There are 2 protein chains.
Amino acid sequence: MHEQLKLDNQICFRLYAASRLVTQAYRLLLEPLGLTYPQYLVMMVLWERDNQLVSDITHRLMLDTNTVTPLLQRMEREGLVVRTRGIADGRQTLVSLTHKGKRLEDKAQNVPTCMVQNLLGDGDIGGYASLVENLDTLIGNLKKTL
Amino acid sequence: MHEQLKLDNQICFRLYAASRLVTQAYRLLLEPLGLTYPQYLVMMVLWERDNQLVSDITHRLMLDTNTVTPLLQRMEREGLVVRTRGIADGRQTLVSLTHKGKRLEDKAQNVPTCMVQNLLGDGDIGGYASLVENLDTLIGNLKKTL
DNA sequence: TAATATTGTATCGTGTGCGATATAAATGCA
DNA sequence: TGCATTTATATCGCACACGATACAATATTA
């Protein structure tokens, strides 16, 4: 087996494993808030700006409606968001935060700090910025091929 | 919002997005083979060495039996592997490749090359090794906290 | 303007991931 | 030996992801 072939497996499997570990680490922090990681992502989008369309959220999270719609339905059932049909355009669905959803932002204040701690551990990661940059390159390349 | 807090979100969401994009890129390559990406990972473990225990596979893929067992059951249904109960230790389940499973290795020869192409795109391989290294550090840190 | 195409969401089915629990086989220990 | 404990795997339930499809509302066009 060629060197490059191993390399491929290494990088892909590492991304797969790292992603799952990140989600697991978030679970410990988010469970007290009653959120999953994908739900937390939606909340972050809405905390940044309230009242967004389903399509805004799908674009922001690079997901499709067949993932986001059920996600939002569960969050609506939990009383975190409300979905209302668009007035100007009846096809659209507007997603807005409830009181409970807004209040949750305060409780989530320490989550990012904890996650940085989890990622960095005791030591520094020298190439933190370069890691971000490399991931962006990777993501850009993959998007082009899809 | 502090700089670090944004940074956290960036890196975690990037890992999440990159992982999904990798899976999507694999889907195009693996669908002709009748494999999903997790199934392909299992096949790679078995192509490297046949006749392994469920626990060997779970450790190798950093997954638990509640994920791997149904995965193997689907693969057995597809005629890719056979699961046999351990002789020495009746608790164990030994997973071995069928003829069909072994033959699939040839058809999958070009998959890693294609994926490297997808990951690298036109650009160079600069920072590829450091990306692997940084991901390993990240994975190591996350494992420690879980 | 009526017919057609497009767009924005939603629904359905399948395959993971994973916490929680179950079960049978092996082990340990009184 | 008998029984509690541990171990290896399996089962169950829920929440994603995503391809495929459906559907209603808007836009287009003949």
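Treat the numbers as computed from the prediction; the structure is a model and nothing was measured. Residue numbers begin at 1 in each chain, while the letters A, B, ... track the order of the sequences.
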To the nearest Å, how far apart are [X] [atom1] and [N] [atom2]?
X	N	atom1	atom2	value
A/Leu63	D/dA15	CG	P	17 Å
A/Leu28	C/dG17	CG	P	19 Å
A/Gln52	C/dG8	CD	P	15 Å
A/Met75	C/dA10	CE	P	14 Å
B/Tyr26	C/dG15	OH	C1'	18 Å
A/Leu35	D/dC16	CG	C1'	14 Å
A/Glu76	D/dA15	CD	C1'	17 Å
A/Leu71	C/dA10	CG	P	12 Å

Quick one: label B/Arg74 by what it contacts on the DNA or RNA (base, sugar-phosphate, nothing), any heavy atom closer than 4.0 Å.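 Touches a base.
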Let me spell it out: for each of B/Glu78 and A/Arg20, pick the nucleotide of DNA chain C with the closest heavy atom. Which residue's pick is nearer the 5' end?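 That would be B/Glu78.
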Using side-chain heavy atoms (C-beta onward) and a distance below 4.5 Å, is [X] in contact with [Y]?
X	Y	answer
B/Leu21	B/Gln24	yes
B/Leu30	B/Leu33	yes
B/Val95	B/Ile57	yes

Would you kindly say whether B/Thr93 and B/Arg85 are connected by a side-chain donor-acceptor distance under 3.5 Å?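 The criterion, which ignores hydrogens and geometry beyond distance, is satisfied for B/Arg85 and B/Thr93.
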Just N and O in the side chain of [X]: are any of them under 4.0 Å from OP1 or OP2 of [N]?
X	N	answer
A/Gln39	D/dC16	yes
A/Tyr37	D/dA15	no
B/Tyr16	D/dC16	no

Just by protein heavy atoms under 4.0 Å, how would nucleotides 4-13 of chain D read 5' to 3' in B, S and -? ---BSBBBB-
Residue pair B/Ala17 / A/Met62: nearest heavy atoms and the distance that separates them: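 Minimum heavy-atom contact is CB-CE, 3.5 Å.
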A/Leu72 CG to A/Arg77 CZ distance, which is reported to the nearest 0.5 Å: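 Rounded to the nearest 0.5 Å, the CG-CZ separation comes to 11.5 Å.
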In terms of the angle between their ring planes, are A/Tyr37 and B/Tyr16 parallel, tilted or perpendicular, with boundaries placed at 30° and 60°?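 Ring orientation, 0 to 90° scale: perpendicular.
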Which nucleotide in the list D/dA15, C/dT16, C/dC18 gets nearest to the side chain of B/Pro38?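 Comparing D/dA15, C/dT16, C/dC18 against the side chain of B/Pro38, the answer is C/dT16.
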